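Notes follow the structure.
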Amino acid sequence: MKHIKIAAALMLGGLVSACGSANIASRNAPFEADALPRVSTPVNVTAQEIPNDVLAPILDNVSIKKINVTVPETLKVSESNRYLPNSDIVWRGDAIGNRHAQVKAIFETAMTRGTQAMNGVVPVALDIEVTRFHALTEKARYTVGGVHSITFNMTLRNAETGDALGQTRRVRADLDAFGGVQALRAEAAGQTQKVRITAHLAEVIRQELTRAEGFENPKLGLIQVMNGG
């Protein structure tokens, strides 16, 4: 299961220390039910075998204290007005400028919004590394539409020590992209590409941190496949 290693690390690291429990010699050592966050039925499991009904309360104990977003300068930017430029970053939702900085700002806003309700006892830092942000060019947006192809790496860390809580995960967060009349109507209603993508990413990170299965990338057809989906 996707969140098992993170949950185990939280319980055997941050949660235990935050609740004032006994010292844990190893992250792989078994733990008792009273070391878990408060749940309806005490469960005695090992760190490698966390059941679904315990996992959600564990993740609910996270409090995001710091968000670090990086958009590597090595990501290739395209300003070409073609249907599907071969590039890592394609973005037209802001005026021409530093696209890496613009994408970073979108992620920072979205990650903050998506985690603002998480007020658990475990102080956590959220590291996000954007690896792909391929929205629509003008040509695609005002004709056929397509897919906002977005991928990022996500790591949770102990906010105080910087230790990783589990392994880095690759998250695919694609979104159906409006085209033609639908795009114009959405724009008139204030649902710009930037507004929609920001809201979408906020929901993606919320699901990643609160659902046992995390965010499930939607099936969006041929264009998504051509984008590497």
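Here the structure is a predicted model, which means the values were calculated and not measured.
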Between the main-chain N or O of M111 and the side-chain N or O of R206, is there a donor-acceptor pair closer than 3.5 Å? no

For the residue pair R169 and N153, establish whether any side-chain heavy-atom pair is separated by less than 4.5 Å. no

Please tell me whether V121 and I64 are part of a single hydrophobic cluster in this structure, the criterion being side-chain heavy atoms less than 4.5 Å apart. yes

Is there a donor-acceptor contact under 3.5 Å from the side chain of S87 to the main chain of K76? yes

Quick check: do N68 and L126 have side-chain heavy atoms less than 4.5 Å from each other? no

Give a yes or no on whether the backbone of P85 and the side-chain of H134 come within a donor-acceptor separation of less than 3.5 Å. yes

Contacts of type side-chain hydrogen bond (donor to acceptor under 3.5 Å, both in side chains), residue S80, not counting sequence neighbours: R82

For I150, run the side-chain contact (heavy atoms from CB on, under 4.5 Å) check against I106, I197, L175, T131 and tell me which one passes. I197

Do E187 and Q191 meet the criterion of a side-chain donor-acceptor pair at a distance under 3.5 Å? no

Without swapping roles, check the side chain of H100 against the backbone of L75 for a donor-acceptor pair under 3.5 Å. yes

Between E79 and R92, is the closest basic N to carboxylate O distance under 4.0 Å? yes

State whether D163 and R157 are salt-bridged, where the test is any N-O pair (Lys NZ or Arg NE/NH1/NH2 against Asp/Glu carboxylate O) under 4.0 Å. no

Between H200 and F215, ring centroids under 6.0 Å: yes

The single option from L156, T115, N158, L209 passing side-chain contact (heavy atoms from CB on, under 4.5 Å) against V124: L156

In this structure, would V90 and Y142 fall into the same cluster of hydrophobic residues linked by side-chain contacts under 4.5 Å? no

Do the side chains of V77 and L136 join up, straight or via other hydrophobic residues, at under 4.5 Å, putting them in one cluster? no

Compute whether any side-chain donor of one residue and acceptor of the other, for R185 and Q182, lie under 3.5 angstrom apart. no

Honestly, is R141 close enough over F178, meaning NZ or CZ under 6.0 Å from the six-membered ring centre and within 45° of the axis? no

